[in-house]
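The analysis underlying the following values was restricted to heavy atoms, covering all of them including side chains, and did not include hydrogens, waters or symmetry mates. Source: prediction; values computed, not measured.
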Amino acid sequence: MKERFALVDVNNFFCSAEAAFAPELKGVPLVVLSNNDGCVVSRSAEVKALQTVKMGTPWHQMQDLAKQHGIIAKSSNYELYGDMSRRTMTVIGTFVEPSDQEVYSIDESFLRLTKYPHLDGQTLGREIRAKVFLWTGMMVCCGIGFSRTQAKLANHLAKKRPQYEGVCDLTKLSRAEFDDICKTVSVNDVWGIGGRLTGHLTAMGITTVHELRCADIKRLRERFGVVLERTITELNGTPVSGLDVVEPKQQIISSRSFGSPCYDYNGLHSMVSTFIARATAKLRKQGSYAGRVCVWLETNRFREQDVQYHPAAGIRLPNPTNDIAALTNAASIVLGRLYKPGFRYAKAGVMLEELSDSAHVQGSLFGGSEPSPERQKLLTTLDRIHHRFGKNHIGVGYAGVKRVPHEMQRALMSPRYTTRWDELMEVQA
DNA sequence: TCTGGGGTCCTAGGACCC
DNA sequence: TCTGGGGTCCTAGGACCC
């Protein structure tokens with residue numbers, strides 16, 4: 001039996017999540033900004049229609065444009081988006097068995113339809129759209145194909161071409177119809193083909209999906225590697241990969257630009273400690289232990305007048321651990337090596353690596369040792385306090401105990417309608 | 001003044017082993 | 001004069017994704 005996949009994806013996800021609770025944001029030009037209110041990371045249909053605001057445009061560079069078109073901006077509200085994502089994915093998941101859904105990103109989900117040959121793609125897509133909209137207020141598009149890459153392509157068409165009305169099923173097309181459509185889509189719109197590859201392919205005279213499908217696959221593999229070969233195979237209707245099962249993360253990163261520049265060691269130390277706290281929380285949530293801690297610092301690369309410095313280094317722990325104090329300590333050692341006075345630091349980050357599901361490291365000279373029961377109790381209690389009161393009430397060293405001076409700016413943030421009792425939406429009778 | 005954050009996979013090349 | 005060859009593991013960096 002031929003495999004069949006669907007990709008369901010929310011339109012303008014962050015903007016839609018904002019508008020779901022604020023009717024005045026519906027039908028108006030709206031953007032959502034990255035951390036620190038830096039860049040545009042989501043645009044409403046009205047902003048996309050202007051064609052002048054690209055993804056990633058710095059907000060401070062488009063003030064005039066915003067005034068001219070009445071563009072409203074919102075700070076990113078990841079607590080709201082995370083919760084709306086969970087709700088949306090749950091509704092999408094009601095159409096198949098759990099093992100046939102892969103939540104691919106915050107706003108996208110693959111469904112494997114192979115087991116449900118009786119489901120007509122068009123009908124299913126329309127039903128998903130209706131149910132998701134009714135239950136969450138979010139509008140999705142649905143693409144269906146014989147591989148995940150085809151489903152992605154179909155979703156792209158469903159989103160961009162009004163005649164599809166949000167649902168595109170490539171599996172129902174004849175060979176000739178499929179070829180004709182592929183002649184109208186640029187390689188750049190294919191999942192897995194980014195700017196670099198597009199440049200190289202264009203130079204070889206390959207600009208449309210049809211040309212890519214017909215190209216000499218052996219030659220392209222030799223030149224660009226196995227990834228492109230798989231993409232072409234999938235475009236031609238043979239799935240190379242099925243659904244990905246959710247694996248624990250192999251690395252955990254926490255990193256932020258500072259709300260204001262930082263010059264001194266103590267300031268950096270408090271930020272790095274905060275990042276470690278956040279990363280450790282993720283680590284403990286997935287039940288992993290880290291074997292290596294990396295830290296990096298960055299000056300502001302956009303300031304040409306500044307001397308640039310962006311060092312990075314890591315340290316291997318004697319035994320993998322999930323103990324926030326041990327991880328903070330390791331990060332402090334690395335930071336001590338990296339820090340040099342006299343620079344205008346703008347950003348820092350930490351990375352937990354070599355994650356395992358055990359505190360024991362194989363072949364360690366001294367043997368792995370579990371933290372003592374008392375220690376475990378302390379760590380678990382910390383987790384509970386974080387869970388119940390939020391992350392900013394207790395921490396190690398400088399982290400999170402009080403507002404740190406370089407915290408990010410989120411001047412335009414909306415309420416966290418669905419996750420905070422004191423930020424619930426109020427309705428006036 | 002202000003320019004995001006968090007991931008994965010693959011490959012080439014060096015280190016090291018026998 | 002002439003200095004092996006094959007294999008694995010690790011790391012850094014590139015490309016991509018959302």
Side-chain angles (χ1 to χ4, degrees), chain A residues 7 9-14 31-43 53-63 66 73 75-78 81-82 85 102-110 148-149 152 155-156 159 187-201 221-231 240-241 244 246-261 275 278-279 282-283 286 291-292 294 296 298-306 312-314 316 344 346-355 406 408-412:
Chain A
L7 178 68
D9 139 307
V10 182
N11 304 347
N12 322 320
F13 178 56
F14 294 173
V31 295
V32 171
L33 305 177
S34 63
N35 283 326
N36 269 320
D37 295 342
C39 298
V40 171
V41 291
S42 179
R43 303 166 296 163
V53 180
K54 295 222 161 59
M55 279 292 269
T57 306
W59 175 235
H60 71 93
Q61 278 176 11
M62 47 174 284
Q63 292 303 304
S75 303
S76 37
N77 184 343
Y78 286 106
Y81 310 152
S85 170
E102 173 195 351
V103 176
Y104 175 71
S105 76
I106 195 163
D107 72 330
E108 288 170 276
S109 181
F110 283 108
R148 294 199 303 165
T149 306
K152 273 280 211 181
N155 185 278
H156 171 81
K159 228 183 322 185
V187 286
N188 197 24
D189 294 324
V190 173
W191 188 38
I193 300 188
R196 295 298 174 108
L197 268 175
T198 300
H200 289 131
L201 292 172
R221 176 184 173 141
E222 278 162 24
R223 173 127 187 239
F224 301 110
V226 65
V227 179
L228 183 60
E229 180 190 43
R230 287 178 193 160
T231 297
V240 170
S241 62
D244 281 344
V246 182
E247 300 281 355
K249 302 268 184 250
Q250 299 175 41
Q251 57 179 32
I252 291 171
I253 295 173
S254 177
S255 158
R256 287 282 184 282
S257 302
F258 303 153
S260 58
F275 299 152
R278 193 153 37 212
K282 289 185 209 166
L283 182 76
Q286 75 166 29
R292 192 178 151 83
C294 295
W296 70 92
E298 290 177 40
T299 48
N300 186 338
R301 66 182 191 279
F302 297 100
R303 283 171 59 98
E304 288 174 9
Q305 69 270 38
D306 285 1
R316 182 166 276 119
R344 187 180 187 278
K347 182 175 176 179
V350 305
M351 188 160 29
L352 304 182
E353 292 185 308
E354 296 176 12
L355 307 190
H406 308 287
M408 69 169 155
Q409 297 169 16
R410 295 204 281 188
L412 308 167

Is the closest side-chain heavy-atom distance between [X] and [Y] below 4.5 Å?
X: Lys282(A); Y: Leu352(A); value: no
X: Asn11(A); Y: Asp9(A); value: yes
X: Asn155(A); Y: Phe110(A); value: no

Pick the closest DNA chain B nucleotide for Pro248(A) and for Asn35(A) by heavy atoms, then say which residue is nearer the 5' end.
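It is Asn35(A), whose closest nucleotide lies nearer the 5' terminus.
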Between Cys39(A) and Arg230(A), which is nearer to the 5' end of DNA chain B once each is assigned its nearest nucleotide?
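With Arg230(A) and Cys39(A) compared, the 5'-side residue is Cys39(A).
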Indicate, with a heavy-atom threshold strictly under 4.0 Å, whether [X] touches base, sugar-phosphate, or nothing.
X: Gln251(A); result: base
X: Arg344(A); result: sugar-phosphate
X: Val32(A); result: nothing
X: Thr57(A); result: nothing
X: Ile106(A); result: nothing
X: Asp37(A); result: nothing
X: Gly195(A); result: sugar-phosphate
X: Tyr104(A); result: sugar-phosphate
X: Leu33(A); result: nothing

From C-beta outward on [X], which listed nucleotide comes closest to its side chain: [options]?
X: Gln61(A); options: dA15(C), dC10(B), dT3(B); value: dT3(B)
X: Val227(A); options: dC18(C), dG6(B), dC10(B); value: dC10(B)
X: Pro58(A); options: dG4(B), dC18(C), dT3(B); value: dT3(B)
X: Pro261(A); options: dC18(C), dG6(B), dC2(B); value: dC2(B)
X: Lys347(A); options: dC18(C), dG6(B), dG5(B); value: dG5(B)
X: Arg196(A); options: dG6(B), dC16(C), dG4(B); value: dC16(C)
X: Arg301(A); options: dT11(B), dG6(B), dG4(B); value: dG4(B)
X: Ser257(A); options: dT11(B), dC16(C), dG5(B); value: dG5(B)
X: Trp191(A); options: dC17(C), dC10(B), dA15(C); value: dC17(C)

Using whole Å, report how far [atom1] of [X] lies from [atom2] of [N].
X: Phe275(A); N: dG6(B); atom1: CZ; atom2: C1'; result: 13 Å
X: Leu352(A); N: dG6(B); atom1: CG; atom2: P; result: 11 Å
X: Leu201(A); N: dA15(C); atom1: CG; atom2: P; result: 13 Å
X: Ile193(A); N: dC17(C); atom1: CD1; atom2: P; result: 8 Å
X: Glu108(A); N: dG7(B); atom1: CD; atom2: P; result: 17 Å
X: Arg148(A); N: dC9(B); atom1: CZ; atom2: C1'; result: 13 Å
X: Glu298(A); N: dT3(B); atom1: CD; atom2: P; result: 12 Å
X: Leu197(A); N: dT11(B); atom1: CG; atom2: C1'; result: 14 Å

Classify the ring geometry of Trp191(A) against Tyr104(A): parallel below 30°, tilted from 30° to 60°, perpendicular beyond 60°.
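Ring orientation, 0 to 90° scale: perpendicular.
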Please confirm whether the shortest side-chain N or O distance from [X] to OP1 or OP2 of [N] is below 4.0 Å.
X: Arg303(A); N: dT1(B); answer: no
X: Asn300(A); N: dT3(B); answer: yes
X: Lys152(A); N: dC18(C); answer: yes
X: Lys282(A); N: dG5(B); answer: no
X: Gln250(A); N: dC9(B); answer: yes
X: Ser76(A); N: dG4(B); answer: no

Apply side chain to side chain contact (heavy atoms under 4.5 Å, CB included) to residues Glu108(A) and Leu7(A) and explain how you reach the verdict.
CA-CA 7 Å; Glu108(A) 288 170 276; Leu7(A) 178 68; 3.6 Å; yes
Does Leu33(A) form a side chain to side chain contact (heavy atoms under 4.5 Å, CB included) with Val40(A)? I'd like the steps, not just the answer.
CA-CA 5 Å; Leu33(A) 305 177; Val40(A) 171; 4.1 Å; yes
Inter-nucleotide C1' distance (dC16(B), dG4(C)), Å rounded
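Nearest-Å result for dC16(B) against dG4(C) at atom C1': 15 Å.
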Using only heavy-atom distances, determine whether the side chains of Asp107(A) and Ser105(A) contain a donor-acceptor pair under 3.5 Å.
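Yes.
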Partner nucleotide of dG7(C) by Watson-Crick or wobble geometry (both distances under 3.5 Å):
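Its partner is dC16(B) (Watson-Crick or G-U wobble, both distances under 3.5 Å).
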Write down the atom of Arg43(A), the atom of Val53(A), and the distance for their closest heavy-atom approach.
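In this case the closest contact between Arg43(A) and Val53(A) is NH1-O, 2.9 Å.
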